[in-house]
**Q** 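This structure is in structure tokens; I'll ask about it shortly.
Naming: A, B, ... by sequence-line order, numbering from 1 per chain. Just so you know, these numbers come straight off a predicted model, no measurement behind them.
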Amino acid sequence: MDVNTDLAMWSNQLIISAMVVYAVAMIFYAFDLFGGRELKQTEAGATSAAKPSNVRRTNRKATTALLDPPQTDVSAEISAGSGKEKPRRGARIGTSLLVLAALLHVAAVLTRALSVMRVPWGNMMEYVLTATVITVIVFLIVNVKKDIRYLGTIVAGGVLLCLGLAITVFYTPAAKLIPALDSYWIAIHVPIAILSTSLLYISAILAVFQILKNTQETKNPKWLRFMRRMPASIDLERFSYTIAAVGFITWTFTLIAGAIWAEVAWSRYWGWDSKEIWTFVVWVIYAAYLHARATRGWGPTKVAVLNLIGIATVIFNFTVVNMYFNGLHSYSGLG
Amino acid sequence: MAKKTADKKADNSKQVGSHKSGVTQPQLGFIGMCRWAWRQLTTMRVALILLLVLALAAIPGSLLPQRIQDPGRVTTFLEANGAWGQFLDTIQMFDVYSSIWFSAIYLLLMISLIGCVIPRSAQHWKAMRSAPPKAPRRLGRMPGYESFTSATGSAESREVADQGFLDTAQARLKKLGYRTVRHDDHVAAERGYLRETGNLVFHIALLVATLTMAIGSLFGYQGQRILVEGETFTNSLVAYDSFEPGSYYDANNLPDFRLKLDSFESTFDDQAPGSQFGQPRTFDAKVTATADGKSEKHTLRVNEPVRVGGTGVYLTGNGYAPEVTVKDAKGQVVQSGPQVFIPDGGDPGYTSEGVIKVPDSAGTQMGFVGVFLPTATQNENGELVSSFAELRNPYLVMSGYTGDLGLDNGTPQSVYTIDAENMTEMTDATGNPLLIQLAEGETQKLPDGGSVTFDGVKRYIAVDISQDPTQGLMLVSAIAVLLGLGLSLFIPRRRMWVRIKDGQAEVAALARGEDQMVERAAKDLAKDLADEPDDDPDDDSEERI
Ligand code: HEM
């Protein structure tokens, strides 16, 4: 039925090639993150600590400017007085490889889309394929503004894992859309949902690093030595929040657009279908997360845990709910 | 901020609850309790906990079948789970979203929200109409701070130069969107009132959206109907297969329209490999809608409802209706026409089940229970299955019963099942249960001399018909939620002060809420004023800060 199987095959090949490059990129990033060089830095986050804090209670977020270059190891080394700037070769190669992988990945998405002449997010496999490429692109774009290469290992690794699932567990042959999905709303609702997922995912990684960094700052256990390469936990927290805030808005949009689509397809905008329930749960948890940040008694670590619960519900919504829960998303005869 | 004081007061009044002063002083105690509860409820902490509890409370509805979704599955679950099921039912686990506990949580949240929004709105209203506050004495403690020596003014008097500097600073800040006030030795400025406005709009819109949802379900209705090709639906209560009005819906006001299903066409994928094989690709229902004396042809599709008379008609399902003619022993036609068979939801081959009831045959009543296979094929076990959803080899397999269908005893029964309790199964010549197997056009004799003929197949569609007068309002509040949220999260709210004394200038910035640019704002403004002491703001390349 008008499916270009050659292109679809090409797409599969491109996914595999991209995965290989992602794997190598991940290794280089890991070298950069865990690499052996000992930095004679004292406590990172000097700039943060120096500022007078608590002008107002909630201003723990507002005391430093994010625009100041954060403590990447480069600036750390300079301030440590080593004088000579050691290039982070591992990270640089990692990023170059990531760009290459992303190009292959984009090509895989495009060929897949062209093979069926429709948007490349008609089933779970395609959703993963697109979500991962968007995550990498978001990562690369943010990286232009602000050095976040310390996230590279996790981003590349996560993408690799997801693509692995996409071509095995989620694998779906290229085909046209089922009527239930055949609507222009798929071009509005789904990409924004994908973007939200990517943003919330990156925010969650930052939250994990924030917790680790905080542990390193307060207890400094040996196994966390690699965390020295990261900005101060307060900066990680703020950055994680900013991205989650954008993600929350896009998720709100996803929810509203989904409701409008539901009205068009199922005659009601909200019917507590299992997918709707979990989208709502995700939304409420991130609303709680935003609240928690402004609530007394909720320290940054506790708030970060809420962020992680949030991403857990996002992932649950996509995997378990899609695969095991009864719902309206399949359309065969009387639903 | 209101929440702060509320928290404090709440701490003080904790004793009220623990001392049970209410017992000895009922009046005071009761009011005290109410006050305590109110203060607790309107703290950020409680709002946060309520949000988390709300998320948690929403989950069981996705794990257990819900009556609003599928009452049949609830019944099955109850039958399978005995006392445990009864218990779950008692605590409303099958009606989570209308349960007392779920309602209690979101009502508390709404009350909390009102208690939060009202004082904040009042405060914001005042703040918007009052001047930016004067500079604090020590600006150096602000998160954004720069000081420098102003280059101008050596020629004229210090005083004049300083005032000129402040003029420039004030003009700059105004241009950057700040509201400014001039004082003797400094300019005070504030921007970003829209942030709080956005936050309030967001919270109020949430409130409106929740109310709208509740009201919509009271004044609207939802109905279902199955329509076979050629049939016409006339919008009236009796024409619905099922009808669920909201509590305040006046069913006498059903809008007057008719809808005829002219034809239904579907295509299925016979080329895709694997799981995609046999998946549906198009469902097109050609309908004629008649309202106000005018008829219009439409194509009703899954994502393209037909809207007529303020009502939406949505395509929600489809299937096959085999046309069967039954004759009795005397050769009289006792039953003919299409019979709706319901496809098994999970089967891409549209294997469908249905019944044929023949109440007025001479003598006893007859009933047939059967399976319809659009594309009958033998699988590897030799069983008949349907391998594809299109009509490539339609086949009807049925068993027959005679006796009492139970139609007259008053208990309502489904048109899709037969209660065979008071019936006996037809048998063939050898005494085995009779198996009726018919390809299109074939006829089979019945043991009593009658016959069954499979004449052909018609398509049918299932439509939802619904009205919700509050949808427009819901859309408006949803958009307000989104806009409010955008403003509230991304408009930086910031105060700035520029002070000068004897050519010594200070610029300070204070963020109110999340603001990553606060240091940068002070820096940029300082740079600006130091570079350009004179009144020629020709450099427009700066960023908005
Ligand atoms: C239906 C329940 C509620 C939801 C879904 C909700 C959601 C949100 C969201 C998403 C934000 C983030 C926007 C921002 O940071 O400006 C927010 C902020 C805020 N909410 Fe709520 N909220 C709810 C109820 C309440 C209640 C009951 C209160 C009062 C106790 C409240 C007080 C606030 C305040 C003060 C902020 C600003 C926080 C800040 O300064 O960062 N909200 N709310």
**Q** What option among Val264(A), Val281(A), Val284(A) has the most heavy-atom pairs under 4.5 Å with chain B?
**A** Val264(A)
**Q** Check each atom of Val313(B) against the heavy atoms of chain A and say whether the ones under 4.5 Å are side chain, backbone, both or neither.
**A** neither
**Q** Does the plane of the ring in Phe102(B) sit parallel, tilted or perpendicular to the ring in Trp272(A)? Use 30° and 60° as the thresholds.
**A** perpendicular
**Q** Below 4.5 Å from any heavy atom of chain A, which atoms of Ile49(B) appear? Answer side chain, backbone, both or neither.
**A** neither
**Q** So, are Arg307(B) and Glu263(A) salt-bridged, with charged N and O less than 4.0 Å apart?
**A** yes
**Q** So which part of Met474(B) gets closer than 4.5 Å to some heavy atom of chain A, the side chain, the backbone, both or neither?
**A** side chain
**Q** Measuring only between side-chain heavy atoms, which start at C-beta, is Val302(B) closer than 4.5 Å to Asp182(A)?
**A** no
**Q** More than 12 heavy atoms of other residues, nucleotides or ligands under 6.0 Å from CD of Glu244(B): yes or no?
**A** yes
**Q** Where on Phe253(A) is there a heavy atom nearer than 4.5 Å to chain B: the side chain, the backbone, both, or neither?
**A** both
**Q** Does any backbone or side-chain atom of Leu255(A) lie under 4.5 Å from a heavy atom of chain B? Answer side chain, backbone, both or neither.
**A** neither
**Q** Counting N and O atoms only, with roles assigned by atom type, does the side chain of Gln69(B) sit under 3.5 Å from a partner on the main chain of Gly271(A), one being a donor and the other an acceptor?
**A** yes
**Q** What part of Ser466(B) gets within 4.5 angstrom of chain A, counting heavy atoms only: side chain, backbone, both, or neither?
**A** side chain
**Q** Can you tell me how far the CD1 atom of Ile68(B) sits from the CZ atom of Arg268(A), to the nearest 0.5 Å?
**A** 8.5 Å
**Q** Between atom CD1 of Ile249(A) and atom OG of Ser488(B), what is the distance when rounded to the nearest 0.5 Å?
**A** 8.0 Å
**Q** Compare all side-chain heavy atoms of Gln276(B) with those of Thr172(A) and state whether any distance is below 4.5 angstrom.
**A** yes
**Q** As a quick check of understanding, evaluate side-chain contact (heavy atoms from CB on, under 4.5 Å) for Leu51(B) and His291(A), giving each step before the final call.
**A** CA-CA 9 Å; Leu51(B) 278 174; His291(A) 266 208; 3.7 Å; yes
**Q** In Å, rounded to the nearest 0.5 Å, how long is the span from CH2 of Trp283(A) to CG of Leu54(B)?
**A** 9.5 Å
**Q** Within a reach of under 6.0 Å around OH of Tyr171(A), are more than 12 heavy atoms found that belong to other residues, nucleotides or ligands?
**A** yes
**Q** Name the region of Ile260(A), side chain, backbone, both or neither, that has any atom closer than 4.5 Å to a heavy atom of chain B.
**A** side chain
**Q** What's the spacing between Arg293(A) CZ and Leu48(B) CG if we round to 0.5 Å?
**A** 13.5 Å
**Q** What distance separates Leu485(B) CG from Thr252(A) OG1, expressed to the nearest 0.5 Å?
**A** 5.0 Å
**Q** State, to 0.1 Å, how close Ala245(A) and Leu489(B) come at their nearest heavy-atom pair, and which atoms those are.
**A** O-CD1, 3.8 Å
**Q** Please check this pair: side chain of Asn303(B) against backbone of Ala180(A), looking for a donor-acceptor N/O pair closer than 3.5 Å.
**A** yes
**Q** Can you check whether Thr295(A)'s main-chain N or O pairs, donor with acceptor, with Arg45(B)'s side chain at less than 3.5 Å?
**A** no
**Q** Minimum heavy-atom separation for Ala288(A) to Leu52(B), with atom names?
**A** CB-CD2, 3.7 Å
**Q** If you count heavy-atom pairs under 4.5 Å between each of Leu50(B), Ile59(B), Asp468(B) and chain A, which one has the most?
**A** Ile59(B)
**Q** For Ile256(A), is it the side chain, the backbone, both, or neither that has a heavy atom closer than 4.5 Å to a heavy atom of chain B?
**A** side chain
**Q** Side-chain donor-acceptor pair under 3.5 Å between Trp278(A) and Ser62(B), yes or no?
**A** yes
**Q** Could you tell me which portion of Val246(A) (side chain, backbone, both or neither) has an atom closer than 4.5 angstrom to a non-hydrogen atom of chain B?
**A** both
**Q** Which atoms of Phe490(B) come close to chain A, meaning under 4.5 Å heavy atom to heavy atom: side chain ones, backbone ones, both, or neither?
**A** side chain
**Q** Report yes if some heavy atom in the side chain of Leu475(B) is under 4.5 Å from a heavy atom in the side chain of Tyr269(A); otherwise report no.
**A** no
**Q** Enter the distance from Leu177(A):CG to Arg281(B):CZ here, rounded to the nearest 0.5 Å.
**A** 7.5 Å
**Q** Is it true that Gln222(B) and Ser267(A) share a donor-acceptor pair across their side chains at a distance under 3.5 Å?
**A** yes
